[in-house]
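Structure first, then comments.
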Amino acid sequence: MLLRQLEYLVALAREHHFARAAAACYVSQPSLSAAIRRLERELNVPIVRRGRRYEGLTPEGEVVLAWAHRMLAEQDALRQELSALRGGLTGTLRLGVVPTALPVASLLTTPFCDRHPHAGVALESLSSSDIGHGLAEFELDAAMTYLDDDTLRQVRRFPLYEERYVLLTPVDGPLGTCETARWSQAAALPLCLLSPRMRNRRIIDECFAADEATATPAIESDSVAGLYAHLPGGRWSSVISHAWLHMFGVPEGMRVVPLEGPAHGPRVGLVVLRSEPQSVLAEALLKVARDAGLRDALDELLRTYLLG
């Protein structure tokens, strides 16, 4: 059994199409099909359900696919460990990040690249469910996500910071001169918020409900950048995580107003798969995270904006 055959199988399961899988592996479709047939003969089980087109994997094929992910991940881990012994990490760290943590991802990826100049980072914005799938299928080395996500299985968690929610509002608006504001007061403003599909928005809606209020935003965005794009001009207000201030700051003509309520929101952190052998790249990222001090840096940033 060749590892290349397992790579073809993983590509086929991912693409759900023989031609696309072959293109992803830079081989012809007949070569990919023949390699998978050889794998079936060597293992003496049917792996692919075939018709006029790809119809999925057999139950035996699903078992082979799970082993293929594991064996290819171990191959990557071997290469990473050997490269470290030769004098430095190489390869690409595959990092999944929930969209609301993207503004602070550079606080980890930049020092990681500084410490390991021969390694790279492939950063991907993913939903929490996609992160769980990517880790389970060994498609990610690590992820930045909400640590209280119950769908994550067999992972190690490393806390980075707790989200703190503040109101961004025009200085000449109804709450622009307030020292603090209630969630119910913020709900009455013309709001721009993230879409309800996003975990951050659902958490914020719970905070509004705790103050017996419901937010009805006029603008909803599926990205932090899209939300911030609407704030200049003095028309809209928004409830944001303090972590976003690192990348986007406070638009001109607006100010940060603390919201009365919980001092801390949910924890955001790194998760890596609990498996052996461990990804050398993931372990290297965890070491960087321990030295980065994200929580203190973001809290200090928030204090700076509040005093300003």
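No experiment lies behind these values; they were computed from the predicted model shown.
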Would you give me the side-chain donor-acceptor pairs under 3.5 Å for residues 283-292, sequence neighbours excluded?
from, atom 1, to, atom 2, distance (Å)
Glu283, OE2, Arg156, NH1, 2.5
Asp291, OD2, Arg115, NH2, 3.1

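Note that the SG atom of Cys25 and the OH atom of Tyr8 stand 6.5 Å from one another [nearest 0.5 Å]. In this structure, CE on Met144 lies 5.5 Å from CG on Leu160, to the nearest 0.5 angstrom. Here Leu231 contributes atom CG and Arg235 contributes atom CZ; the two are 12.5 Å apart, rounded to the nearest 0.5 Å. Taking CG of Asp141 as the start and CG of Leu270 as the end, the distance is 11.5 Å to the nearest 0.5 Å. Taking CG of Leu32 as the start and CZ of Arg20 as the end, the distance is 12.5 Å to the nearest 0.5 Å. Between the NE2 atom in His242 and the CD atom in Glu162 there is a gap of 8.0 Å [rounded to 0.5 Å].
For the residue pair Tyr161/Glu163, the side-chain donor-acceptor check at 3.5 Å is not satisfied. Residues Ser184 and Asp211 bring a donor and an acceptor atom of their side chains to less than 3.5 Å of each other.
At distances below 3.5 Å, at least one donor-acceptor pair connects side-chain atoms of Thr109 with backbone N or O atoms of Ala105. A donor-acceptor contact shorter than 3.5 Å is absent between the side chain of Glu300 and the backbone of Ala297. Arg157 places no side-chain N or O within 3.5 Å of a backbone atom of Val271 that could act as its donor or acceptor partner. The closest donor-acceptor contact from the side chain of His118 to the backbone of Thr90 lies at 3.5 Å or more, if one exists at all. Between the side chain of Arg49 and the main chain of Glu55, a donor-acceptor pair closer than 3.5 Å is present. Under a 3.5 Å cut-off, the side chain of Arg255 and the backbone N or O of Leu167 do not form any donor-acceptor pair.
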Item to check | Step-by-step side chain to side chain contact (heavy atoms under 4.5 Å, CB included) determination, Arg197 to Asp222 | outcome: CA-CA 8 Å; Arg197 297 193 306 274; Asp222 65 354; 3.7 Å; yes
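Every residue was checked against the side-chain hydrogen bond (donor to acceptor under 3.5 Å, both in side chains) condition with Thr92, not counting sequence neighbours, and none meets it. With sequence neighbours left out, the ring pair (Phe, Tyr, Trp, His ring centres under 6.0 Å) criterion links Tyr146 to no other residue.
Between His16 and Tyr54, the angle of the ring planes lies from 30° to 60°, which puts this pair in the tilted group.
Asp149 and Arg199 are not joined by a salt bridge, as no carboxylate oxygen comes within less than 4.0 angstrom of a charged side-chain nitrogen. Remark: Arg201 engages Glu220 in a salt bridge, criterion side-chain N to carboxylate O under 4.0 Å. A salt bridge does not link Arg94 to Glu124: none of the charged nitrogens lies less than 4.0 Å from a carboxylate oxygen.
Applying side chain to side chain contact (heavy atoms under 4.5 Å, CB included) to Leu245 and the options Leu298, Ile240, Thr304 leaves one that passes, Ile240.
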